[in-house]
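Below is one structure, written out as structure tokens, with a few remarks after it.
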Amino acid sequence: MRTTPLGARTRLVLTSLLVTSTLLLAACGGNDDPKADPTPSTSTPASASDDPSQSNSPSVVPATGKLVETKDFTAHVPEGWDVTVVSKDYVITSHDPDSSDAIAFTIVDTFGNDQGLDDLAKEAVRLGAWPGEDPSIVGQTELAGEPAYHLASSGGGGIFVDVRGAVRAGDAVAVRFDNYQSNAALQSMVESVLATWQWK
């Protein structure tokens, strides 16, 4: 049964709050393991050629919709999409009124905690709300030039999900894309929005 847009919006807001809470817990939790290795994990960082959502192709058309503006970054959503500020500089969502497709932007102050990207990715997978199976940790990538983790879930529960997260100016910043059409449509949406992302 297809979720209505209102249901998708409600679910996305709740998911965004859960992801934000997850990031907050991870950021405040610290690292209690004295044997923890501060170096990156053995997972191989994804190169642009390995990561289907990293594209320098001139065929990527930057999103031209409403501007999402936060203390850390700005980005445009697709044309015709709404933007809802759930909590300023904390949770902002965007939704396609003609489908259930949606985007959520979250920002959490890390309070100086040096939580690594690998740990943030694992916490997001473990505590996040995911349709069907848990997403895979694709590896490290970039978000407008900043190192970022990348999660992806293809088709679980009929939803294709892509999540990027980075630490910038003491904040854990994440963006989640939900698409109900196909992985190709999801990647097109991701590339279009990320092509407009500007850090402050």
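Each residue takes its place number in the sequence, starting with 1.
Val86 has its side chain within reach of Thr93: a pair of non-hydrogen atoms, C-beta onward, lies under 4.5 Å apart. Side-chain contact between Leu151 and Val161 is absent, with no heavy atoms from C-beta onward closer than 4.5 Å. Within the 4.5 Å cutoff, the side chain of Phe105 has no heavy atoms near those of the Thr70 side chain. Side-chain contact check for Ile137 versus Lys122: some heavy-atom pair is nearer than 4.5 Å. Here the side chains of Pro62 and His76 are not in contact, with every heavy-atom distance at 4.5 Å or above. Taking 4.5 Å as the limit, some side-chain heavy atom of Ile107 sits within range of a side-chain heavy atom of Lys71. Contact check for Val83 versus Ile92: side-chain heavy atoms found under the 4.5 Å cut-off. A heavy-atom distance below 4.5 Å is not found between the side chains of Ser153 and Asp134.
In this structure, Ser192 contributes its side chain and Ala63 its backbone to a donor-acceptor pair below 3.5 Å. Asp82 places a side-chain N or O within 3.5 Å of a backbone atom of His95 that can act as its donor or acceptor partner. The main-chain N or O of Gln181 is found under 3.5 Å from a side-chain atom of Asn179 such that the two form a donor-acceptor pair.
Ring orientation note: the planes of Trp197 and Phe73 are close to parallel, at an angle under 30° on the 30°/60° scale.
Within the structure, salt bridge (Lys or Arg N to Asp or Glu O under 4.0 Å) contacts touching residues 146-156 (residues at least two apart or in different chains) are Glu146-Arg168.
Among all heavy-atom pairs drawn from Asp72 and Ala169, the shortest one is OD1-CB, 4.2 Å. Heavy atoms only, all atoms of each residue included: Met189 and Pro78 are closest at CG-CG, 4.5 Å.
With sequence neighbours excluded, no residue forms a ring pair (Phe, Tyr, Trp, His ring centres under 6.0 Å) with Phe160.
If you check the side chains of Thr74 and Gln198, you find no donor sitting under 3.5 Å from an acceptor. There is a side-chain donor-acceptor pair under 3.5 Å between Asp96 and Ser99.
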